Structure formats: structure tokens, C-alpha cells
Amino acid sequence: MKTAGRILLSAIFAAASLSASAQKTSGNPVFEGRYADPEGVVFGDTYWIYPTYSAPYGEQLHFDCFSSKDLVKWTKHERIIDNSRIKWLRHALWAPAIVEKDGRYFLFFGANDVHEGEIGGIGVAVADNPAGPFEDYLGKPLINEIVNGAQPIDQFVFRDKDGSWYMYYGGWQHCNVAKLRDDFKGFVPFEDGTVFKEITPKGYVEGPFMFIRDGKYYFMWSEGGWTGPNYRVAYAIADNPFGPFVRKDVILRTDENVATGAGHHSVIHNPKSDKYYIVYHRHPLGSTDGNDRVTCIDPLEFDAEGNILPVKMTFEGVKRDKLK
């Protein structure tokens, strides 16, 4: 019986290995578990996704992240940071954004669902490895105040063509941009002396994202309510990182045959294949729990004029696409 058991186990493992090797697409969701607000990024020859752990606020006290060489097979890296390393974190650890600079990885985050007079807002952590462990960089929030009506959450950090670093952030239907200091410990005032400039486009609610394609600045954001079916992604195109950003269209929204409440996205670009992908969260059909959000990937495509085409949500996800 022991020999038979070993044979059976070997057959099971062989079948599982064959199934994994035969997998042609990522599938959606791309990994198990409730995860939202995904930040997709490329470091070297590896894709990474840094999401919010989607749970009641009091349980949102850590981040996991995921890595892949080909967009199809993903590896989970658990608890890359948590409340034991962010002493001022009480609840609602949200929407990570990450960049690499000088061989170090800077992870920006929102914490505590902060309101006026409270401690919280946007913080930053640092590590020598994209999988962590990350340590609190400042020991306090980088942005604690409510400026121009924007709650300090949902930050995205963007490097411009000239090497300048900008942070776009804001909830409560307001979006600010600020220029980061080279050490990421504060901000550099603009020429007029202001630190935070409001750039809110029509329809904006939260979740800003920026990328450059063919010399144009694509600014994207989420609209509607994150727990409901009207959550969606819209975009604008400008000639510079400050706009004005005139809303062009909604490109990701509920599909009654696939999922509801699709939003709070990011964009991954493979420079080798020149393919773009949108990484986002959505609610499974029939779900009534606002925290029931899963992370998905689908192609992001453009027309001949550079406009973003409407995204078709799928259960298949994307095909294998290696960076090198």
C-alpha cells in the first residue's frame, strides 16, 4: 500500500506539473485571495504586483506582493511590511506604489483613512529587495494634512523624462501633484512657491496613474464608488505632467457577463514586446461584499491616433509575455 501511495502521489504531482506547464494564460483573477488597488511594475526581468489586502479596515495591517517572469505564473511574497514596522499604522493600509532608485526600493502607502486632525496619510518604506522586508523610512507620514480637499491616499509616484519625481495623490474627488525631493523625505516647492498643485480632472474620485507613450502624458483615474457597480476608469492625455487633463473617455467599467466595479488600476509595459497591460481589481458577479475584490490583468490597446480603446474584461487574462 505504501508503494501504491507513492505511485499515486507521483501521478498527482506529475499531472499538476503538466497542467502548470500547459497553462497558456494568466487567468483572472491572476492569483488567489481578496486583493485590490494593484500597483503593477517592472523591475529588471520580473513583473511585480503590489496590492491592498482587501478586508475590513481593522484587518488591513499588512501588504503581500506577487512576482512573475511571464505574467502567467505568479509567486506570492507574504507580509512584506506590516504594523509591527509602521508604528503609526492603526488600520486601513492601502494602495501601495513602488519605485526603484539607486538600488533601493521605495514603497509608498496610505494608512489610517486619515481625516483632519488625525495622524495618518501617505507614508513611505524602503528595502534592498522588491520582495522586502520593508522598513518605515520616516517613522511618520510623508503627507498628513488635507490639502486642496484631497485626502492623502492613493499616491502614485512618477518619474518624468528629465529624471524629476512627482507624486500624484488624492481621494475625496480631489487630486494633487507635488515634486518629490531626491531623497524622498519631502517635497520641492514649485516656482510659484506652492508645494501641492491641484490638477483634478472632471469625474475624478481617486486612484491616479500616469504613464508616457509616444511623448504624450496619459493620466488615468477611478470614478464612482469603490464598493459599487459604477466604479470605473477614465483617462486624459496632455503634453506635460501638469495638464490640463481634459477627460476623454471611460475605458474600464462593469461588464454584466464578467464582473462589476472594475477600477483602481495601474499599467504595465513590456518594452521588448511593446505590449501594455492594465492591472485592476473587480468584484465577482453576484458578490455583495464591498471587500470582495480580486486582482486581474487584461490587454491595454490603442488606436492609430493614440487613444486608449475600451478594455474588454476576461476570465482568460493575458498570454505569456517575458521581459527578456
Side-chain angles (χ1 to χ4, degrees), residues 37 39-41 94-99 106 108-110 114-116 121-124 141-182 184 186-226 231-252 263-267 269 278 280 300 302 306-308:
D37 314 328
E39 164 93 339
V41 65
W94 285 343
I98 188 168
V99 298
F106 292 86
F108 297 82
F109 55 87
V114 69
H115 294 72
E116 195 70 56
I122 294 171
V124 57
L142 176 64
I143 305 176
N144 196 151
E145 300 79 14
I146 312 298
V147 182
N148 299 326
Q151 187 185 33
I153 61 168
D154 290 6
Q155 69 296 315
F156 174 68
V157 177
F158 167 76
R159 189 181 188 187
D160 201 3
K161 292 179 287 187
D162 66 358
S164 298
W165 294 92
Y166 297 101
M167 177 182 286
Y168 297 84
Y169 78 91
W172 297 348
Q173 302 179 44
H174 293 275
C175 184
N176 291 332
V177 61
K179 184 176 182 179
L180 281 156
R181 281 173 29 184
D182 193 57
F184 293 164
F187 298 93
V188 179
F190 293 107
E191 289 185 0
D192 63 2
T194 61
V195 176
F196 302 100
K197 286 186 177 295
E198 184 168 5
I199 55 165
T200 309
K202 182 180 179 181
Y204 176 94
V205 173
E206 59 192 17
F209 188 86
M210 173 79 81
F211 68 94
I212 300 175
R213 180 179 183 269
D214 293 340
K216 298 291 186 179
Y217 292 79
Y218 287 74
F219 185 61
M220 310 175 78
W221 62 89
S222 291
E223 302 178 347
W226 67 270
Y231 207 49
R232 56 192 179 268
V233 172
Y235 82 105
I237 301 177
D239 294 323
N240 65 80
F242 311 111
F245 297 108
V246 179
R247 185 181 188 274
K248 291 184 70 71
D249 205 355
V250 172
I251 55 94
L252 180 64
H264 202 127
H265 77 298
S266 56
V267 174
H269 176 229
I278 186 168
Y280 62 97
L300 188 72
F302 305 81
N307 299 304
I308 300 177

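Everything numeric in this text was worked out from a predicted model, so none of it was measured. Counting begins at 1 with the first residue of the sequence.
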Set out, in order, the CA-CA distance, both residues' side-chain angles and the distance that settles side-chain contact (heavy atoms from CB on, under 4.5 Å) for Phe196 and Phe190, then state yes or no. CA-CA 8 Å; Phe196 302 100; Phe190 293 107; over 6 Å; no

For the pair His174 and Glu198, evaluate side chain to side chain donor-acceptor pair (under 3.5 Å) and give the outcome as yes or no after the intermediate values. CA-CA 7 Å; His174 293 275; Glu198 184 168 5; 2.6 Å; yes

Heavy-atom pair with the smallest gap, counting every atom of Val233 and Ser222: CG2-OG, 4.1 Å

Heavy-atom side-chain contact between Tyr217 and Asp160 under 4.5 Å: yes

Working to the nearest 0.5 angstrom, can you tell me the gap between Asp37 CG and Phe109 CZ? 14.5 Å

Got a second to check how far Gln151's CD is from Glu116's CD, nearest 0.5 Å? 11.0 Å

Any chance you could lay out the side-chain contact (heavy atoms from CB on, under 4.5 Å) test for Lys216 and Asp239, step after step, and finish with the verdict? CA-CA 5 Å; Lys216 298 291 186 179; Asp239 294 323; 2.6 Å; yes

One thing to verify: whether Glu191 and Lys179 come together as a salt bridge, which I'm taking to mean a side-chain N less than 4.0 angstrom from a carboxylate O. no

Heavy-atom side-chain proximity of Phe156 to Phe211 below 4.5 angstrom: no

Using 0.5 Å steps for rounding, measure from the CH2 atom of Trp94 to the CD1 atom of Ile153. 5.5 Å

Minimum side-chain heavy-atom gap Asn144-Pro152 below 4.5 Å: no

Counting C-beta onward and ignoring hydrogens, is there a side-chain heavy-atom pair between Val157 and Phe106 closer than 4.5 Å? no

Among Tyr235, Trp221, Tyr280, Phe209, which residue meets the ring-ring contact (aromatic ring centres under 6.0 Å, His included) test with His265? Phe209

About how many Å separate CG of Asn148 and NZ of Lys197, when rounded to the nearest 0.5 Å? 10.0 Å

Ser164 versus Tyr166, closest heavy-atom pair with distance: CB-CE1, 3.7 Å

Report the distance from atom CD1 of Ile122 to atom CD1 of Ile143, rounding to the nearest 0.5 Å. 4.0 Å

Report the C-alpha distance between Ile251 and Arg232 in whole Å, list the side-chain angles of each, state the deciding distance to 0.1 Å, and finish with yes or no for side-chain contact (heavy atoms from CB on, under 4.5 Å). CA-CA 8 Å; Ile251 55 94; Arg232 56 192 179 268; over 6 Å; no

If every non-hydrogen atom of Arg181 is compared with every non-hydrogen atom of Val188, which pair is closest and at what distance? CG-CG2, 3.8 Å

Minimal non-hydrogen separation, Gly243 against Ala238, with atom names: CA-CB, 3.9 Å

Could you give me the CA-CA distance, side-chain angles and deciding distance for Phe245 and Tyr204, then say whether ring pair (Phe, Tyr, Trp, His ring centres under 6.0 Å) is met? CA-CA 11 Å; Phe245 297 108; Tyr204 176 94; over 10 Å; no

Would you check if Met220 and Val267 make a side-chain contact, meaning some heavy-atom pair closer than 4.5 Å? yes

Quick check for you: to the nearest 0.5 Å, what is the distance between Gln155 atom CD and Glu39 atom CD? 8.5 Å

Residues Glu223, Arg247; criterion salt bridge (Lys or Arg N to Asp or Glu O under 4.0 Å); working and verdict: CA-CA 12 Å; Glu223 302 178 347; Arg247 185 181 188 274; 2.8 Å; yes

I would like to know whether Asn176 and Val147 meet side-chain contact (heavy atoms from CB on, under 4.5 Å); could you show each step before the answer? CA-CA 8 Å; Asn176 291 332; Val147 182; 3.9 Å; yes

Tell me whether the rings of Phe219 and Tyr168 are parallel (<30°), tilted (30 to 60°) or perpendicular (>60°). tilted

Once the angle between the rings of Trp172 and His115 is folded into 0 to 90°, is it parallel (under 30°), tilted (30 to 60°) or perpendicular (over 60°)? tilted

Could you report the tightest heavy-atom contact between Asp154 and Pro208, atom names first, then the distance? O-CD, 3.2 Å

Decide yes or no for Glu206 and Tyr231: does some side-chain heavy atom of the first lie under 4.5 Å from some side-chain heavy atom of the second? yes

Identify the residue among Ile212, Val99, Leu180 that makes a side-chain contact (heavy atoms from CB on, under 4.5 Å) with Phe158. Ile212

